[in-house]
Trainee: 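Before anything else, here's the structure in question.
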Amino acid sequence: MSHPVLQLTEDERTAEHTYDPTGATLVEGIAHAAYGSQLVLESSRSVSPTPVPSPPSGPVSEAEGEKAEGGERATEVDLEKGARAAETEPEERPVHILDWDSPTDPDNPRNWSTFTKWISAGITSYYTFIAPLASSMLAPGLPTLAADYGVESLTLEGLSLSIYVLAFAVGPLFLAPLSEMYGRRWVLHGANLFFLVFLLACAWAPSMASFIVFRFFAGLGGSAPLAIGGGVIADLFHQRERASAMALYTLGPVLGPVLGPVAGGFVVESIDRLVYWISWLLAIGAGVGAAIGLPFLRETYAPVLLRRRFDRRVKTDPSLAHVHVVIAGAVAGQSKLEYLKESMARPMKILLTSLICFSLSLYMAVQYGFLYLMFTTFPLLYSEVYGWSPGISGLAYIGPGLGFLICTMVAAGLMDQIYAKLSEKNGGVGVPEFRLPVVWIGAFLGPIGLFWYGWSAQAHAHWILPIIGSGLFCCGMMLTYFPIQVYLIDTFQYAASALAAATVFRSIFGFAFPLFGEQMFAALGEGGGNSLLAGIGLVLGVPFPIWLWFKGAEIRARAKGKL
């Protein structure tokens, strides 16, 4: 039976519900492979032929659905193509995959109203903005911070800022797997409250050492939306409408570090007790997020929603009492702790065993490092060369901010148009590689911005020229950063874990690059140093996206069953 109500893309087709007439097994195919871990129902004895819990709804899609052969083998979904196998014993432990009742099931987050979906996406994006904002808001006040705590070590001074970014590399390793076990909502809420508490602890930190420790823990809480937010977008939106939602979500990680110094510069000029008030301002921002998010952010992760609905149905259908729910991919008899350990290793497993994830994450990480390297030169350039005060110097970050904002809007519309046209030419079927043409534009524009910024800064040209150069770099960065994130979501079954892997890689580079920035620019100058960075950007940014355009589908097919 077909469902003409929705024009679904390939990954949205309704799968076949296959019934074994003996009642020994029932396998319900997966209608939406992009959700991540499906739910498997297991029982220790044969089940009745009564359907559990939804009626048949349509033909199976071999690319996205699950297949059952004689009730002996159920195919799960792997990390990169949707193919992982789980062996079962048909007579003793039949396996059932729980799915939505129909393509228009109202409980499915992808079928919520547009307003409801955008409320959840907007709250998640707000969380994703506040956390990176805290990473850089303190930057203009580092000398004041060191003086307040009586610290003369430049290493400690720099560590007080970058330790927060280092926490971004640690938190996703366990927060993303937790979201795939218990759902997105409460992991986001819990992490935001954890973030808020340690921001307040920073406000009353008695020493630099305690401040660094508290700031690290605040960073752990702040890393949750970066690790999980992309998964929320994948939960809510079909591939054909995902770009606009990702545009909103992606602004947070890049606008936060840019706008932080703008606000921080004026705080340094006008308010005493710098650490106290910056920490309080950020805590208030996190509190506003909690006040809005707690009542209005809904759970979006399909396996958790399906499990809850099945639990409700068990209460009204005694014949289902002997069936219990486990997470697809879990070994029979495996405890939640054991499964959590396995899930925590998943982001790094994806990163280190998937050539697609590693290459694209490396490119994103290098560009993120370039951004933080550029920001290390801003205070010296605009305060000493152009003679700007700390507050006015912070306004120089508006150039990168405008670059990010404008090109995010451009990338969203352009990517949707290109994806639709290429999908139409491909028989109406979209593939992740259709996201890549926008990356090619950014791969050239970013290095141009680095050349422009570096040589205009070294020549002490009019102040608008380095600001334009930094804006061009950030525009190019967004034209690559944004499509790559959507590509990873489209490609990987475990979207949260894949993005967590990229976040870990990116955060390590963001932490490490500024540590050698001063020495590099002292040796090579602004022009030479940024030219070196532009060359690295071209070497990494041009071949990888072109190579994936031609070989991406082959790599994903070859990776089937390996992860």
Side-chain angles (χ1 to χ4, degrees), residues 1-18 28-36 38 56-67 75 77-78 80-83 99-105 108-114 117 230 233-247 302 356 411-441 482-493 495 498 545-546 548-560:
M1 176 179 176
S2 61
H3 295 270
V5 178
L6 293 177
Q7 296 299 318
L8 301 176
T9 57
E10 183 179 357
D11 76 311
E12 301 158 7
R13 295 175 185 169
T14 303
E16 180 180 20
H17 293 235
T18 305
E28 296 185 89
I30 300 305
H32 302 283
Y35 278 115
Q38 277 73 39
S57 59
V60 69
S61 166
E62 291 187 6
E64 306 294 343
E66 305 292 347
K67 300 176 76 176
T75 304
V77 180
D78 77 0
E80 211 167 336
K81 179 67 175 176
D99 193 14
W100 301 112
D101 289 346
S102 74
T104 56
D105 191 325
N108 184 345
R110 292 188 177 183
N111 294 329
W112 292 350
S113 68
T114 300
K117 288 196 286 188
I233 302 301
D235 296 340
L236 290 168
F237 296 95
H238 295 293
Q239 282 184 323
R240 63 176 181 264
E241 57 186 8
R242 195 171 287 164
S244 298
M246 277 301 295
I356 288 177
L414 188 61
M415 194 161 62
D416 275 340
Q417 292 177 19
I418 293 174
Y419 188 86
K421 289 181 179 179
L422 292 176
S423 298
E424 184 179 352
K425 291 181 180 180
N426 196 39
V429 177
V431 295
E433 284 70 35
F434 293 166
R435 308 290 188 185
L436 294 176
V438 177
V439 178
W440 304 340
I441 302 172
F482 172 35
I484 286 174
Q485 290 225 78
V486 181
Y487 182 94
L488 293 175
I489 289 176
D490 288 352
T491 299
F492 287 89
Q493 174 69 17
I546 296 176
L548 282 178
W549 174 261
F550 292 103
K551 295 293 185 180
E554 178 184 332
I555 294 170
R556 288 186 286 110
R558 193 166 59 241
K560 184 175 180 178

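Both backbone and side-chain heavy atoms feed into the values below; hydrogens, waters and symmetry mates do not.
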Trainee: Please collect all salt bridge (charged side-chain N to carboxylate O under 4.0 Å, His left out) contacts where either partner lies in residues 423-438, sequence neighbours excluded, each pair once.
Mentor: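 Only E433-R556, R435-D490 qualify under salt bridge (charged side-chain N to carboxylate O under 4.0 Å, His left out).
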
Trainee: Which residues pass the side chain to side chain contact (heavy atoms under 4.5 Å, CB included) test with T114, sequence neighbours left out?
Mentor: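 Expected list: W118.
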
Trainee: Output all residues satisfying side chain to side chain contact (heavy atoms under 4.5 Å, CB included) with I418, sequence neighbours left out; order by chain, then residue number.
Mentor: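 So I418 forms a side chain to side chain contact (heavy atoms under 4.5 Å, CB included) with L414, L422, P437, V438.
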
Trainee: When rounded to the nearest 0.5 angstrom, what is the spacing between CG in D235 and CG in N108?
Mentor: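 Answer rounded to 0.5 Å: 9.5 Å.
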
Trainee: Which heavy atom of P109 sits nearest to which heavy atom of W100, and what is that distance?
Mentor: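 Looks like CD-CZ2, 3.9 Å.
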
Trainee: Are L548 and I555 close enough that some pair of their side-chain heavy atoms sits under 4.5 Å apart?
Mentor: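 Yes - at least one pair of side-chain heavy atoms lies under 4.5 Å apart.
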
Trainee: Could you work out, with ring pair (Phe, Tyr, Trp, His ring centres under 6.0 Å) as the rule, every residue matching W440, not counting sequence neighbours?
Mentor: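 If we apply the ring pair (Phe, Tyr, Trp, His ring centres under 6.0 Å) test to W440, skipping adjacent residues, the hits are W549.
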
Trainee: Identify, with sequence neighbours excluded, every residue that meets salt bridge (charged side-chain N to carboxylate O under 4.0 Å, His left out) alongside K421.
Mentor: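 K421 satisfies salt bridge (charged side-chain N to carboxylate O under 4.0 Å, His left out) with no residue once adjacent residues are dropped.
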
Trainee: Would you give the length of the straight line joining atom CD1 of I356 to atom CZ of F492, rounded to the nearest 0.5 angstrom?
Mentor: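 Rounded to the nearest 0.5 Å, the CD1-CZ separation comes out at 6.0 Å.
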
Trainee: Can a donor-acceptor pair be found, under 3.5 Å and without considering hydrogens, that links the side chain of N111 to the backbone of P103?
Mentor: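 Yes: the side chain of N111 pairs with the backbone of P103.
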
Trainee: Under the criterion side chain to side chain contact (heavy atoms under 4.5 Å, CB included), I'd like the reasoning laid out for V486 against I233: C-alpha separation, chi angles, the key distance, then a yes or no.
Mentor: CA-CA 10 Å; V486 181; I233 302 301; over 6 Å; no

Trainee: Donor-acceptor pair, distance only, cut-off 3.5 Å: does the side chain of R242 make one with the backbone of D416?
Mentor: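 No; zero donor-acceptor contacts below 3.5 Å.
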
